[in-house]
Peer 1: 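Before I ask anything, here is the structure I am working with.
In what follows, residues are counted from 1 in the order of the sequence shown. Everything quoted here is computed from the prediction, not taken from an experiment.
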Amino acid sequence: MNGQPEYAALSERVAAIDGWMSSDQGERLFDAARRCRTDGQIVEIGSFRGKSTVVLASAAPERVTVVAIDPHAGNDRGPQEIDGFEQAAATDYEAFVSNLASFAVADRVRHLRCFSDVAHDEVAGDIDVLYIDGAHRYGPARQDIDEWGARVADGGTMLIHDSFSSIGVTMAIGRSLMLGRRFRYVGRSRSLAEYRAELGGRGRVANAARQLAQLPWFVRNVALKVLLSIGLGKAMHRLGRNAPEWPY
């Protein structure tokens with residue numbers, strides 16, 4: 001990542017949109033979208049209120065298709081928000097539409113309001129950039145990585161949010177990518193991991209080692225989430241101290 005001025009200006013504006021995306025994570029998405037072929041395709045799984053969607057659509061070359069898949073159904077909405085958030089999800093959808101319009105990218109994005117496992121027939125062709133930030137439970141996360149990852153073009157990019165942070169996502173990475181033959185681990189910005197479809201049969205051991213090296217950070221994140229869940233944040237606030245943010 002180069003800290004390019006185009007992204008710096010966008011980052012300041014997009015910070016006002018709710019969503020679990022830090023500035024350095026946004027820059028990694030921005031860089032991936034900029035590398036997309038001029039007539040290529042970007043697919044995003046999990047859009048929430050459109051923060052990452054705006055970044056991807058703003059950075060992509062003019063003729064690139066951007067597909068945003070999110071049912072806005074009230075499930076897997078965010079940390080500890082698995083089910084029962086239908087009313088909040090309706091507000092999220094309204095904010096998503098409004099934010100795309102505010103950033104003048106609405107005409108660049110095709111929104112599929114459905115779950116990712118049933119969206120394949122609505123997306124034709126190979127994918128140049130795939131961003132996965134959908135359900136974080138092991139089963140759905142692995143299904144997204146396996147089924148949508150198989151559609152990434154050779155040399156294309158797959159980015160996965162909450163890698164080495166969410167237990168389910170990290171287990172799915174371990175099963176599908178740690179010793180995989182196709183995706184090379186590039187690096188991460190916090191929990192946003194980047195992979196390229198260029199590994200081949202060689203280099204698997206080194207590729208696995210680079211991913212295994214992230215596990216101490218994963219353990220730290222899980223421990224912090226447990227502490228926050230049992231009241232660490234409230235206790236620190238009572239002592240007049242700032243609580244650590246939920247790791248993402």
Peer 1: Measuring from His161:NE2 to Arg190:CZ, what's the distance to the nearest 0.5 Å?
Peer 2: 9.0 Å
Peer 1: Could you walk me through whether Met158 and Arg182 pass the side chain to side chain contact (heavy atoms under 4.5 Å, CB included) check?
Peer 2: CA-CA 11 Å; Met158 177 167 66; Arg182 187 160 187 254; over 6 Å; no
Peer 1: Using the salt bridge (Lys or Arg N to Asp or Glu O under 4.0 Å) definition, which of the options Asp128, Asp154, Asp126 pairs with Arg37?
Peer 2: Asp128
Peer 1: So which heavy atom on Thr170 is nearest to which on Ser163, and how close?
Peer 2: OG1-C, 4.0 Å
Peer 1: Over all heavy atoms of both residues, which pair between Cys36 and Pro61 is shortest? Give the atoms and the distance, please.
Peer 2: O-CG, 3.4 Å
Peer 1: Between Ile145 and Ser176, what is the shortest heavy-atom contact and its length?
Peer 2: CG2-CB, 4.0 Å
Peer 1: Quick check: closest heavy atoms across Leu212 and Pro216, and the distance to 0.1 Å?
Peer 2: O-CD, 4.0 Å
Peer 1: To the nearest 0.5 angstrom, please state how far the OG atom of Ser58 sits from the CG atom of Leu29.
Peer 2: 11.5 Å
Peer 1: Measure the spacing between OG of Ser52 and CD1 of Ile17 and express it to the nearest 0.5 Å.
Peer 2: 9.0 Å
Peer 1: May I ask you to check whether Asn207 and Arg210 show a side-chain donor-acceptor distance below 3.5 Å?
Peer 2: yes
Peer 1: To the nearest 0.5 Å, what is the distance between CZ (Arg184) and CD (Gln211)?
Peer 2: 11.0 Å
Peer 1: Kindly give the heavy-atom pair with the smallest separation between Ser47 and Phe96, and that separation in Å.
Peer 2: CB-CE1, 3.7 Å
Peer 1: Could you tell me the separation between the CZ atom of Phe115 and the CD1 atom of Ile69, rounded to the nearest 0.5 Å?
Peer 2: 12.5 Å
Peer 1: Only one of Tyr131, Tyr248, Phe164 clears side chain to side chain contact (heavy atoms under 4.5 Å, CB included) with Leu192; which?
Peer 2: Tyr131
Peer 1: Could you walk me through whether Leu130 and Arg151 satisfy the side chain to side chain contact (heavy atoms under 4.5 Å, CB included) test, starting with their C-alpha distance in whole Å, then the side-chain angles of each, then the deciding distance to 0.1 Å, before giving a yes or no?
Peer 2: CA-CA 9 Å; Leu130 172 64; Arg151 300 187 56 179; over 6 Å; no
Peer 1: Rounded to the nearest 0.5 Å, what separation is found between the CZ atom of Arg196 and the CG atom of Leu159?
Peer 2: 8.5 Å
Peer 1: Would you please say whether a donor-acceptor pair under 3.5 Å links the side chains of Ser189 and Glu27?
Peer 2: no
Peer 1: How are the rings of Tyr195 and Phe183 set to each other: parallel, tilted or perpendicular (split at 30° and 60°)?
Peer 2: perpendicular
